[in-house]
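Since the structure comes first, as structure tokens, the remarks are kept for the end.
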Amino acid sequence: MELAVGASESAMRSLLGKLGSLLAQEYTLISGVRGEIQYMNNELSSMYAFLRRLSRAAAAGAAHDEQTKDWIEQVRDVAYDIEDCVDDFAHRLSRQPRGEGLLVNVSRAWYAMTTLWARRDIASKNRAQEVGERRTRYGVQDPKENSESVSGIKPSGRAHPYATDHLQPPVPQLVGTTEPVGQEDAIVKHGQWLTTESEGGVRVLAIVGFGGLGKTTMALALQRRFGEKFDSRAWVQASQKLNLPSLLRGIRKQVMPQQDTEGKGGRGTSDGHADGIEGLNEKQLKEKLKEQLNQKNYFLFIDDVWSVSSWQNIWQSLPISQKGSIVVTTRFKSVANACCRQQEHIYMLKPLPHVESTKLFFERIHDPKQENFKETKDEIIMKCGGLPLALVVVAGLLARRDLTEESHWRTVKESLNSELDKNLSPEGVTQILNLCYNDLPADQKNCLLYLSIFPKGCSINRKRLIRRWISEGFIAEKDGKTVEEVAEDSFNELISRNIVRPVEHNTNGKVKTCQVHDMILEYIVSKSSEENFITVVGGHWLTPTPSNKVRRLSLHNINPEDVLDLEGCKSINTKQLDKIFKMFQLKYLSLRCTYIKKLPPGIGKLQYLETLDIRDTNVTELPSSVGRLQKMVHLLGGNKSTHLALRFTEEIAKMTALQTLLGIEISRGSTTDLGSMHNLTKLKKLSIYSLGDLHTNNNKYDELLPTIEHLTGYSLKSLAIDDGFTGFLNSIDDLSSPPKYILSLDLSGKLLRVPRWMKELEILEKLTLSLTSLRTDGLKVLSQLSKLFSLTFSINAKGQDSSVLEILQNNAMDSGGKIFVPADGFASLKLLRFSAPVMPLLSFLEGAMPELQRLELQFRLSEGAYGLEYLKSLQQVHLRVSQQASGATKVKVSDIRSSVRMHQKKPTMVVDEYYE
């Protein structure tokens, strides 16, 4: 019930905000429109207050009758319709002619006539009054907020009894994976079999079980534990509606050697265009895949196979190799029988016994006093039926409460009636998910429901999701926090509650991408459809088409070419953009990874636009009309792979609300605009991809250095500069005021030494130095940065080969062919990355980098790495070795592998090839 209340309350809150904005505008004084808006505002405010009372009652467990439910849905629909009318009204009347004189009076008269229908429309919206009267007429009763909840526990007087008002930010981490509980013996047994060559051809292991038992978790653990024994690895999802070409394309992209496209020390990934993979048909994909995997030792994880026919189609597409191993997960025994010739290679997952259920539960809840209220806690665990999904979600629910209060434990125990302990059923899981969902505040419910817009199995980018939430109006400032900070809190809340799981972390330790478990996503899609929040068409879900208006439409089409999301849509053209630019309410527009070369001037009409993403396109300059986009917060441009950049202009500098500006070029033509960049005092993240021809200017850096100093004195927290061998970076040593408040710094250029002011960056968390002279003394300076979380050294051999060769020679001379990582310092460093064609001997002294969790090395030629045993927190080692590596280098790789195997922490290790 609280679902309907929450969505209706959110819709009403958004509408009231817009009505308030209208009332503040001068043009509402005309023709009595102001009175109509004021009346509507008052009427809807009363409804909103009543909805909030219903919300508090629902949070306390109060049930509402059918008449109340129907009335709430009517309020929601009215709010939606009036909001549409208000948007159109504001757009039309905001263009009312201003000024004095005969000509203006004639224009105003003509304008009044042509917008009469709009003003009549807003004035005739008496539906709000009718709905308000209907509540009384049909006996919708005031909620009894002080009544006992359904569990018999009296709620507190707060709007949301268990909500956490001030969330602690999560601790940054790189390795977010957790090992499955209760499966250790099975993982060892089946992992050893998968890595043993046999005469019988491909080895196939099928993991079978009810949804939420941990099939995917176990398969991923097998891949982590034993993956390094294979030459190639891939993980793909089959799902209910198999798209075989897409699945084969996914395997192909992962097993082919990765192209070094970034040159920043990160994992450069090939998007498949290099060998035309996106244009291959099914037959061609099969041939390419067999060519790639033939006679190779490969590991494939095929997740969520739903039918025997799907498996047969997949099987017939794969090469029959004596060295191949495949792990399949499925909910159906018939599929497992089709996969495996022998029953011993079918692993049936069962519910966890009580001891292991208790272990998993308290791993997720971090209760320091587990023995308190033990009987109540045991009953909660038993009611989860040994289902890992239920255990972690209920643990997430309790983790947001005061665990020292027995009443909280008792409330959850008495609310759980799923009977999962007697029978694993979808209905039992739904009951638990209902309990966890209803515990969320209304605004976070909307954030969760919005996840249904993404297809099943989709990895959702955190930043992209948060920007969409803000654009949708789900997030409001509160407690002195900005909307971005509140949105981050909402995301962290969903992670903390185990409703959404992290997939990948950024180099700063924050979650980069996340996923929603299939069963949770199915629940969310159902709720969204029920509430007409999002209508999902196609894909894996069968949801009814709403009888009334569609508010948000998401096409989950299995054909990747037929999508509404313009990110990656290759067929978009200028004519289509002209039509899109007429959507005057648009707040978020992503054209990323399209073939667009130029944006039409009509983009200036999108005066509400907050995010424009044109990364990985061919757009190098924006039309002058962008200066009108005063609400723009995030302008994302440029292409890291091709070093194509977006020219900075005075029109961009007019976007004074900008917080993110990525991928720009500063050239001689734009130096006159650098002074206007001083206006961007809200800028938090700036990346400069190119300095163009700036080095040909006599006073080439006179404007740029003061601009950087100015911006770092305000809000700038992240700065990236690629000087393209112009020598600019060597001038930053002359900064009169170091960027002391910077959190992330990325310097790419021929930097002769670490800047002397670097040691003053006491709160720096992420540092990337590319094409820098790498010496032991430089590492000693950096080792004193106590907050440094990730450190990357990179030398990219592409493009400027002669300069790179000079740097490599200087590195070898300066370091004596060896680099020693000092025994103290780097107190917080968790990620270290070296990427260079030639890597000198890297030696870690005892006591070095005590918190280091992940080590990444990329090279063509290496002298080896020693002292890995001294890295006492090491969990992952990732080597990327060029296909051109010599035999001697491959011996060094074997030595590193042996050293990792001997490490007391038993880190996972992956060795990949890349081509240059």
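Taking R615 as the reference, D613 meet the salt bridge (Lys or Arg N to Asp or Glu O under 4.0 Å) condition, with sequence neighbours excluded. Every residue two or more places apart in sequence or in another chain was checked for a side-chain hydrogen bond (donor to acceptor under 3.5 Å, both in side chains) with K685, and none qualifies. In this structure D616 satisfies the salt bridge (Lys or Arg N to Asp or Glu O under 4.0 Å) test together with R592, sequence neighbours excluded. Under the side-chain hydrogen bond (donor to acceptor under 3.5 Å, both in side chains) criterion, S736 pairs with E709, not counting sequence neighbours. For D895, there are no salt bridge (Lys or Arg N to Asp or Glu O under 4.0 Å) partners, not counting sequence neighbours. Here R467 pairs with nothing under the side-chain hydrogen bond (donor to acceptor under 3.5 Å, both in side chains) rule; sequence neighbours left out. Take R897 and apply the salt bridge (Lys or Arg N to Asp or Glu O under 4.0 Å) test, not counting sequence neighbours, and it matches E228. For Q853, the side-chain contact (heavy atoms from CB on, under 4.5 Å) partners are L174, V175, K830, Q875, not counting sequence neighbours. Under the side-chain hydrogen bond (donor to acceptor under 3.5 Å, both in side chains) criterion, S873 pairs with no residue at all, not counting sequence neighbours. Residues meeting the side-chain contact (heavy atoms from CB on, under 4.5 Å) test with S687, sequence neighbours left out: L662, Y689, A720. Listed by chain and residue number, K684 satisfy the side-chain contact (heavy atoms from CB on, under 4.5 Å) test with S715 (two or more places apart in sequence, or in another chain). Under the side-chain contact (heavy atoms from CB on, under 4.5 Å) criterion, F491 pairs with R462, L465, I466, W469, I495, V511, C514, sequence neighbours left out.
Side-chain atoms of N297 do not come within 3.5 Å of backbone N or O of D231 as any donor-acceptor pair. A donor-acceptor pair under 3.5 Å is absent between the side-chain atoms of D912 and the main chain of L879, judged by distance alone. In terms of modelled atom types and a separation under 3.5 Å, the side chain of S783 and the main chain of K780 share a donor-acceptor contact.
A ring-centre distance under 6.0 Å is not found for F230 and Y298.
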